[in-house]
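Just follow the structure's listing: the first ligand is 1, and inside any ligand the first atom is 1. FYI, side chains are in, hydrogens and waters are out, and symmetry mates aren't considered; it's all heavy atoms of this structure.
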Amino acid sequence: MSNTLLQLNDLTKKYGSLTAVNKLSLTLSKGKVYGLLGPNGSGKSTTLGMVLNVINPTSGTFQWYDGNLTTHEALKKIGAIIERPNFYPYMSALQNLTLICKIKKCSTDAIEELLRLVNLWDRKNSKFSTFSLGMKQRLAIAAALVNKPDLLILDEPTNGLDPEGIHQIRKLILTIAELGTTILLASHLLDEVEKVCTDVIVLKNGVKYYEGAVDGLSQTHGYFEIATENNKQLLSFLGAHSAIGEISKENQYYKATLTKDLSTAIFSKEIQEAGILLTHFSKKQPSLESQFLSLTQTK
Ligand code: ADP
Ligand code: MG
């Protein structure tokens, strides 16, 4: 059995002249927690809408389960929350979940376990209308799990919650992942994706800028901050150096980005041997935040 749950091939959505999702290709495998990370308007919800069959793609394709199931069949094995939770306000948590099980033709046996999982068992008999937004969101997660899905899709599940509510949802997502459900979490919050996800897809203007391990986002070789009295000499030295990629000027310093590992000791010796007099020299590692911004700001 293949581990591939979902594959996107050049998936594109245009709204008139606006391209909301632009030739997006990616693969989701079982057992991971994926973050779909990007600023507001980057195409996260549109992407989720397409794979959930509520938005028609303009071009490109997607396949669930290596194409072994039709989208309609596959979606029975997926749980998704892409809108604000909506339940019957005058019915209790228990009554709402029981109704959902009947609609989805699922067994009601797991309801107690699910309500305990989302920490609402004590409130099972309270009306939905009396719930806080965080509790409503947790009930929605329980409802999305009634069919024991292979993949749980969540679109900005912590939006609008207070810090305690945010913490509870993130903890719950981690617990669900530990229990073996693959997760796809759309978020505009870098720290949320860092805290919760194993893998990340970075989107901006519908274009994918990064796909890979969350750790990989922070694994760069860093850069040197340099100033000299002879910039021309420095620039020709840097331009010819095999370990230096991009060179830019920030404030009074040149920023020389490393494309491979290079120690401060060796690099400073090389500069000295080239006869360049330094007035400033420092090795830096960009923060995850600034890397995310540079991934999504430029181009
Ligand atoms: P995100 O979820 O990352 O915030 P969306 O997928 O909601 O981004 O939106 C991506 C882009 O598509 C935005 O520029 C948004 O304004 C536009 N968009 C989304 N839905 C529609 C629509 N129904 N009609 C026109 N433009 C839309
Ligand atoms: Mg959105």
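- With F267 as the aromatic partner, K269 does not meet the cation-pi criteria of under 6.0 angstrom to the ring centre and within 45 degrees of the ring axis.
- Distance check on atom 15 (C) of ligand 1: every protein heavy atom falls at or beyond the 4.0 Å cut-off.
- For K148, the NZ atom is loosely surrounded, since the number of other residues' heavy atoms within 6.0 Å does not exceed 12.
- Judged by the shortest distance from any of its heavy atoms, G49 lies outside the 4.0 Å radius around the atoms of ligand 1.
- Here D199 contributes atom CG and I183 contributes atom CD1; the two are 12.5 Å apart, rounded to the nearest 0.5 Å.
- Remark: ligand 1 and N40 share no N or O pair separated by less than 3.5 Å (distance only, no angle test).
- Between atom 9 (O) of ligand 1 and the options D155, T47, T46, the minimum heavy-atom separation is to T46.
- Ion pairing between a basic and an acidic side chain is recognised when a charged N comes within 4.0 Å of a carboxylate O; K255 and E225 show no such pairing.
- Annotation: cation-pi pair K136/F131 absent, no NZ/CZ under 6.0 Å from the ring centroid and within 45° of its normal.
- Ring geometry for Y253 versus H280: interplanar angle under 30°, hence parallel rather than tilted (30 to 60°).
- Of the protein's heavy atoms, Y15 CG, 3.4 Å lies nearest to atom 25 (C) of ligand 1.
- T259 meets the side chain to side chain contact (heavy atoms under 4.5 Å, CB included) test with no other residue; sequence neighbours excluded.
- Ion pairing between E192 and K195 fails under the 4.0 Å rule for side-chain N and carboxylate O.
- Set against the non-hydrogen atoms of A20, the atoms of ligand 1 under 4.0 Å away are 10 (C), 11 (C), 12 (O).
- The closest heavy-atom contact to atom 10 (C) of ligand 1, among the options G41, S187, S45, comes from G41.
- For the Mg ion (ligand 2), the tally of protein N/O/S atoms lying closer than 2.8 Å stands at 1.
- Heavy-atom contacts from other residues, nucleotides or ligands closer than 6.0 Å to CG of L69 number more than 12.
- The pair E112-K124 fails the salt-bridge criterion, with no side-chain N (NZ, NE, NH1 or NH2) lying under 4.0 Å from an Asp/Glu carboxylate O.
- Distance screen at 4.0 Å: atom 12 (O) of ligand 1 has a protein heavy-atom neighbour inside the cut-off.
- Ligand 1 lies within reach of S42, whose nearest heavy atom is under 4.0 Å from it.
- Counting heavy-atom neighbours within 6.0 Å of E83 CD, excluding the residue itself, gives a total of 12 or less.
- G43 N, 3.1 Å is the protein heavy atom nearest to atom 8 (O) of ligand 1.
- With a 4.0 Å heavy-atom cut-off, ligand 1 is reached by the backbone of P39 but not by any atom from C-beta on.
- In this structure, S263 OG and I266 CD1 are separated by 3.5 Å, a value rounded to the nearest 0.5 Å.
- The shortest N/O to N/O separation between L18 and ligand 1 does not fall below 3.5 Å.
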